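Scroll down for the structure; my scribbles are underneath it.
As the structure lists them, so they are numbered: ligands from 1, and atoms in each ligand from 1. Just so it is clear, the model here is predicted, and its values are computed rather than measured.
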Amino acid sequence: MPNWLRIAATSPSAELSGLLAEGLLACGGSAIEEQGDTLVTYILSVDDPDAALDRIRDVLQAVLGTDAIELSADEVPEQDWLAVWRAGLEPRRIGARLIVSPTWSEVNAGPDDLVIRIDPQMAFGTGEHASTRGVLRLMQQLDMHGARLLDVGSGSAILSIAGALLGAQHVVAVESDVEAMQNATENVDRSGIAQRITLLCALVDDAFIDAYGGGAFDGVVANVLSSVLLPLLPVFHRALAAGGWAILSGILVEEADTMRAAAEAAGFAIDAEDVEEQWWSVTLLRI
Ligand SMILES: C[S@@+](CC[C@H](N)C(=O)[O-])C[C@H]1O[C@@H](n2cnc3c(N)ncnc32)[C@H](O)[C@@H]1O
């Protein structure tokens with residue numbers, strides 16, 4: 001019988017928590033939960049638990065470049081962890097109008113509410129992460145009517161569906177991870193506005209924007225790590241039409257100054273900011 005290990009890992013600094021999550025996923029971790037400064041996940045181990053913990057420690061040290069990671073493991077009885085996690089999810093109101101709900105829940109929606117139904121399959125894209133919620137709140141402060149949107153790293157397509165529900169004329173949802181595509185397709189298909197969303201499995205970079213032409217979009221939403229966002233700022237600027245905007249998240253509060261300066265250098269002005277937990281989200285206006 002295989003062992004399941006509940007792994008709790010605390011990174012030495014908040015800046016490294018994104019990398020720590022990536023490292024845990026690389027070790028085979030399923031959906032990662034944030035519990036304060038600690039990330040918790042479940043890993044299937046065919047070795048003995050001590051050997052498995054040593055292997056996980058080695059991988060995390062290599063990914064983070066430090067051995068200052070607090071790590072603990074408890075053996076837990078075999079369960080369907082995805083099912084346990086899914087069963088704990090409930091509809092969530094985010095901002096004034098959006099409600100993100102698992103597909104199976106009943107939702108008490110008011111006449112002005114917009115409901116996004118997601119089949120929760122992965123750690124991101126369910127509305128359970130503060131950086132996703134930051135983007136969703138900032139999106140509701142803008143007038144999306146008639147906008148052409150680019151969703152960079154669309155995952156479950158949660159932000160694309162939100163954009164279309166908020167009135168965007170068309171959304172190009174781009175995700176580089178092929179495994180996310182099926183879940184995104186199902187979420188978009190049940191959204192009722194699938195004809196306004198195009199899902200693509202691709203990497204957004206200069207060449208991608210060349211294919212569309214500069215100025216092809218009125219808005220960009222991107223909830224990806226700040227190390228990915230920084231080199232993409234000039235790419236987003238080129239992708240946007242005059243007066244366009246970009247909502248960025250996946251940025252830690254302590255990275256905000258660096259991101260503000262880089263955004264201004266790339267030709268953006270800061271329009272609005274949002275903070276939840278340690279995550280900073282920002283709306284940039286193209287100058
Ligand atoms: C943090 S998840 C965000 C998912 C969803 N948009 C949300 O807000 O919950 C970031 C996603 O971006 C994808 N990604 C990162 N860089 C990308 C790029 N340059 N082009 C396309 N996808 C990218 C990753 O594969 C990952 O699925």
When you compare the side chains of Trp280 and Glu255, does any donor N or O come within less than 3.5 Å of an acceptor on the partner? no

Nearest to atom 9 (O) of ligand 1, what protein heavy atom do you find, and at what distance? Thr132 OG1, 2.8 Å

Show the atoms of ligand 1 that are less than 4.0 angstrom away from any heavy atom in Val174. 21 (C), 22 (N)

Determine, step by step, whether Trp279 and Arg133 satisfy the side-chain contact (heavy atoms from CB on, under 4.5 Å) criterion, reporting the C-alpha distance in whole Å, the side-chain angles of both residues, the deciding distance to 0.1 Å, and the verdict. CA-CA 10 Å; Trp279 297 97; Arg133 295 195 290 271; over 6 Å; no

Distance under 4.0 Å to a non-hydrogen atom of Gly125: what atoms of ligand 1 satisfy this? 9 (O)

For atom 12 (O) of ligand 1, the closest protein heavy atom turns out to be Gly153 CA, 3.1 Å

Atom 15 (C) of ligand 1 has as its nearest protein heavy atom Val224 CG1, 3.6 Å

Counting only heavy atoms closer than 4.0 Å, does ligand 1 sit against the backbone of Ser156, its side chain, both, or neither? neither

Counting distance only, does the side-chain N/O of Arg260 pair as donor-acceptor with the main-chain N or O of Ala263 below 3.5 Å? no

Side chain, backbone, both or neither: which applies to Asn223 and ligand 1 if a contact is any heavy-atom pair less than 4.0 Å apart? both

Can any side-chain N or O of Asp274 pair as donor or acceptor with the backbone N or O of Leu138 at less than 3.5 Å? no

May I ask whether Val135 has any heavy atom positioned less than 4.0 angstrom from an atom of ligand 1? no

If every non-hydrogen atom of Leu159 is compared with every non-hydrogen atom of Val221, which pair is closest and at what distance? CB-CG2, 4.1 Å

Heavy atom of Ala202, distance to ligand 1 below 4.0 Å: yes

For the pair Asp119 (side chain) and Asn183 (backbone), establish whether a donor and an acceptor sit closer than 3.5 Å, ignoring hydrogens and angles. no

Nearest heavy atom to atom 25 (O) of ligand 1: which of Glu175, Arg133, Glu128, His129 does it belong to? Glu175

Looking at ligand 1, would Gly250 count as a contact under a 4.0 Å heavy-atom criterion? no

Do His145 and Gln169 have a side chain donor and acceptor closer than 3.5 Å? no

Closest protein heavy atom to atom 16 (N) of ligand 1, given as residue, atom name and distance to 0.1 Å: Val228 CG1, 3.7 Å

Exercise: do Glu175 and Ser154 side chains pair donor with acceptor under 3.5 Å: no

Give the residue and atom name of whichever protein heavy atom lies nearest to atom 14 (N) of ligand 1, and the separation in Å to one decimal. Ser176 OG, 3.7 Å

Look at the side chain of Arg92 and the backbone N and O of Val100, then say whether any donor-acceptor pair between them is shorter than 3.5 Å. no

Have a look at ligand 1 and work out which part of Leu159, if any, has a heavy atom under 4.0 Å from it: side chain, backbone, both or neither. side chain

Would you check if the side chain of Arg97 reaches a backbone N or O of Asp112 as a donor-acceptor pair within less than 3.5 Å? yes

For atom 20 (N) of ligand 1, which protein heavy atom lies nearest, and how many Å away is it? Val204 N, 2.9 Å

Output the list of atoms in ligand 1 that are nearer than 4.0 Å to some heavy atom of Ser154, sorted by atom number. 5 (C), 6 (N)

